[in-house]
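To start, the structure under review is shown below, and the notes come after it.
Below, all heavy atoms of this structure are taken into account, side chains as well, without hydrogens, waters or symmetry copies.
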Protein chains: 2
Amino acid sequence: MTRAMTEQPTRKTLPRLDESLLTHLPPFSRLEKRQIRTILDQASSRRYEAGVAVFNEGDSAERFYMLLDGYVRVVRITPTGEQVTALHIPAGQLLGIAKAIGRETYPATAMTATESIVLSWPTSLWDTFVAEYDGFATETYKTLGHRVGEMNTRIVELATQQVEQRVANAILRLINQTGRKVEGGIEIDFPITRQDLSELTATTLHTVSRLLSGWEKRGLVESKRKRIKVCDPHALVVLSQG
Amino acid sequence: MTRAMTEQPTRKTLPRLDESLLTHLPPFSRLEKRQIRTILDQASSRRYEAGVAVFNEGDSAERFYMLLDGYVRVVRITPTGEQVTALHIPAGQLLGIAKAIGRETYPATAMTATESIVLSWPTSLWDTFVAEYDGFATETYKTLGHRVGEMNTRIVELATQQVEQRVANAILRLINQTGRKVEGGIEIDFPITRQDLSELTATTLHTVSRLLSGWEKRGLVESKRKRIKVCDPHALVVLSQG
DNA sequence: CGAAGTATTGAGGACGGTCAATCCTCGTGG
DNA sequence: CCACGAGGATTGACCGTCCTCAATACTTCG
């Protein structure tokens with residue numbers, strides 16, 4: 001299913017980013033304040049609307065990024081224009097790290113799922129970061145390992161599970177990563193459409209809609225436009241196991 | 001393929017592995033003969049039957065491996081015992097490189113698809129290899145990047161393509177990687193069952209069988225037990241695009 | 001208020017999975 | 001050398017899941 005994609009404006013160097021932005025993030029956590037200062041001074045910062053591309057599949061990998069706030073979907077677009085979400089990236093992680101896997105171009109497109117704040121550095125600094133900053137390499141490779149694991153899981157799910165289970169799993173994962181306790185359940189704390197869910201689970205928005213309607217009748221979830229609240233997580237877990 | 005080889009059940013340090021085994025393989029190609037000698041002297045060599053596990057998902061990653069000859073499938077096994085093939089690894093590549101992605105355990109099981117010859121080193125040597133051997137790190141991360149790309153492709157395929165296209169794609173990939181020209185076409189040069197293909201493409205052996213029968217009637221392929229010969233690759237490509 | 005994006009729901013049917021029976025191929029051991 | 005058994009392959013019948021097509025309604029925003 002083809003979707004519209006809006007273009008987005010300028011990158012800018014903010015006056016004095018605060019060190020505390022990075023100190024608690026794994027790739028930088030072992031560094032001294034002075035080093036973090038240097039890193040921040042080389043960074044560009046930028047805010048993105050929801051639903052825009054941070055970079056596109058095939059672009060030459062000129063920068064790498066740290067997602068400070070928000071949520072990014074890593075998607076691939078098929079020749080026929082369908083989007084497939086390969087991965088979700090939460091705040092606090094690096095993205096666009098093509099250099100780490102020996103690539104010159106980005107292997108997929110990164111789209112913001114919500115409004116997001118992103119730092120970025122030119123890829124030419126990558127080798128310096130790896131060489132000079134203790135723990136940076138180790139942590140980024142851990143991130144990579146985690147993502148490989150997720151992709152593996154996704155492959156297994158797609159290969160063996162029914163649509164209902166995949167959708168249940170996707171929702172559970174979302175509330176684990178970004179769930180917010182609200183009265184009467186846990187809510188996915190950013191706007192997500194049936195279409196988004198269908199791209200996550202390789203089905204159609206129609207099927208997702210039918211499933212959610214059914215679950216709502218049975219009291220498992222409540223949902224309004226772009227909002228999903230899980231009322232009975234345990235029942236969802238049961239469903240997700242088949 | 002090295003079919004006839006002496007029995008060699010346990011791992012052992014062979015008398016004098018020849019340097020030429022490694023000199024042309026990317027991770028080692030920039031090294032001097034002397035360095036390769038050292039590397040080989042630290043290696044264990046072992047022969048595996050077809051269809052056995054080199055290591056298992058979840059095992060602590062005590063060694064990393066170089067596949068010298070043969071073919072390995074990286075599979076995951078679901079709670080219900082189904083196998084899903086996530087990746088295929090041809091001779092000349094490293095495997096079991098959990099350390100490269102910051103893991104202590106193997107994320108999947110590696111099963112030989114054919115009789116295979118494998119070198120291995122204790123994971124404790126990993127850091128030394130990365131530090132001392134020029135190009136080793138770069139090349140292994142390229143391999144990793146390539147695998148991530150493959151996994152991505154697989155996700156997209158599973159998410160968007162019909163079974164017929166997936167099976168066609170799988171066969172095309174296999175003949176690209178391991179095809180051998182024979183009279184009247186190209187043959188996958190190791191034994192592969194309908195079951196194997198079905199695990200590669202997330203379908204059932206019945207469906208694969210039906211597809212191959214149909215293609216055979218139309219002259220696209222010929223197949224006997226465990227053997228598949230592609231007679232009209234172009235037609236398969238057309239099929240694979242839908 | 002209109003327009004665009006989002007969601008719901010029904011009807012129909014194809015793809016491909018399940019069940020089941022049969023046949024073929026190959027290796028083993030008598 | 002032949003018989004047997006096990007693993008592999010083929011094919012048919014049936015049917016459920018989920019996709020496609022289609023119509024309609026709701027929500028938000030300019």
Side-chain angles (χ1 to χ4, degrees), chain A residues 1-6 49-52 78 80-84 113 157-168 170-171 188 190-218 221-229 239 242, chain B residues 3 49-52 78 80-84 113 115 157-168 170-171 188 190-218 221-229 239 242:
Chain A
M1 211 112 318
T2 321
R3 296 175 138 217
M5 193 181 304
T6 350
E49 306 275 315
V52 304
T78 67
T80 59
E82 291 158 294
Q83 294 193 7
V84 179
E157 275 187 21
L158 285 173
T160 63
Q161 299 187 334
Q162 308 273 94
V163 169
E164 181 169 50
Q165 299 168 41
R166 299 206 301 267
V167 175
I171 292 180
I188 297 173
F190 64 89
I192 184 162
T193 66
R194 311 292 190 254
Q195 169 81 7
D196 292 333
L197 263 177
S198 75
E199 282 167 8
L200 255 176
T201 51
T203 179
T204 59
L205 77 162
H206 308 277
T207 300
V208 170
S209 179
R210 278 185 245 272
L211 285 171
L212 285 175
S213 296
W215 294 346
E216 182 142 20
K217 281 204 186 73
R218 291 158 57 191
V221 304
E222 278 173 42
S223 76
K224 332 180 211 303
R225 182 190 179 86
K226 292 194 180 183
R227 294 265 146 217
I228 297 174
K229 181 171 80 179
L239 267 186
Chain B
R3 267 289 125 146
E49 306 273 318
V52 304
T78 67
T80 60
E82 293 159 292
Q83 294 193 5
V84 179
E115 181 182 353
E157 276 187 19
L158 284 173
T160 63
Q161 299 187 334
Q162 307 273 95
V163 169
E164 181 170 49
Q165 299 168 39
R166 298 206 301 268
V167 175
I171 292 180
I188 296 174
F190 65 88
I192 183 164
T193 66
R194 310 291 188 256
Q195 172 78 18
D196 292 334
L197 263 178
S198 74
E199 281 167 11
L200 254 177
T201 51
T203 178
T204 60
L205 75 163
H206 308 277
T207 300
V208 171
S209 180
R210 279 184 245 272
L211 285 171
L212 284 176
S213 296
W215 293 346
E216 183 142 20
K217 282 203 185 74
R218 291 158 56 191
V221 305
E222 279 172 42
S223 76
K224 332 181 213 306
R225 183 191 177 86
K226 291 192 180 186
R227 295 263 147 220
I228 298 174
K229 180 171 79 180
L239 268 187

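- Distances shorter than 4.0 Å separate none of the side-chain N or O atoms of B:T203 from OP1 or OP2 on C:dG16.
- Contact annotation: side chain of B:R210 to base of C:dT18, donor-acceptor pair present below 3.5 Å.
- Between B:A202 and A:L212, it is A:L212 whose nearest contact on DNA chain C lies nearer the 5' terminus.
- Taking atom NZ on A:K224 and atom C1' on C:dA7, their separation rounds to 15 Å, with Å as the unit.
- Note that CG of B:L212 is 11.0 Å distant from OG1 of B:T207, once rounded to the nearest 0.5 Å.
- Between the CG atom of A:L211 and the P atom of C:dA7 there is a distance of 14 Å, given to the nearest Å.
- Between D:dC26 and A:R225, no contact under 4.0 Å exists linking OP1 or OP2 to a side-chain N or O.
- Atom CD in A:E222 sits roughly 13 Å away from atom P in C:dT8 (whole-Å rounding).
- Residue A:T207 places no side-chain N or O under 4.0 Å from the OP1 or OP2 atom of D:dC18.
- Separating the CD atom of B:E164 from the P atom of C:dA14 is a distance of 16 Å, rounded to the nearest angstrom.
- Under 4.0 angstrom from either OP1 or OP2 of C:dT6 there lies at least one side-chain N or O belonging to A:K226.
- The shortest distance between the side-chain N/O atoms of A:S209 and the OP1/OP2 oxygens of C:dA7 is not below 4.0 Å.
- Listed candidates were D:dA9, C:dC15, C:dA7. Nearest to the side chain of A:R194 is C:dA7.
- B:H206 contributes no side-chain N or O that forms a donor-acceptor pair with the base of C:dT18 under 3.5 Å.
- Within 4.0 Å of B:S213, counting heavy atoms only, lie sugar-phosphate atoms of the nucleic acid but no base atom.
- Using a 4.0 Å heavy-atom cutoff across all strands shown, B:T193 reaches sugar-phosphate atoms only and no base atom.
- For the pair A:R194/A:I228, a side-chain contact is recorded, criterion being any heavy-atom separation below 4.5 Å from C-beta on.
- B:R166 and B:Q161 make their closest contact through NH1-O, 2.9 Å (heavy atoms, listed as atom of the first residue, atom of the second, distance).
- With hydrogens and angles left out, the side-chain atoms of B:T78 and B:T80 include a donor and acceptor closer than 3.5 Å.
- When rounded to the nearest whole Å, the span between CD of B:E199 and P of C:dG17 equals 13 Å.
- Of the possible donor and acceptor atoms, none in the side chain of B:S209 sits under 3.5 Å from a partner among the backbone N and O of B:L205.
- Rounding to whole angstrom units, CG of residue A:L205 and P of D:dA23 are separated by 17 Å.
- Here C:dT6 presents its C1' atom at 14 Å from CD1 of A:I192, a figure rounded to the nearest Å.
- In this structure, the CD atom of B:Q162 is 14 Å from the C1' atom of C:dG17, given to the nearest Å.
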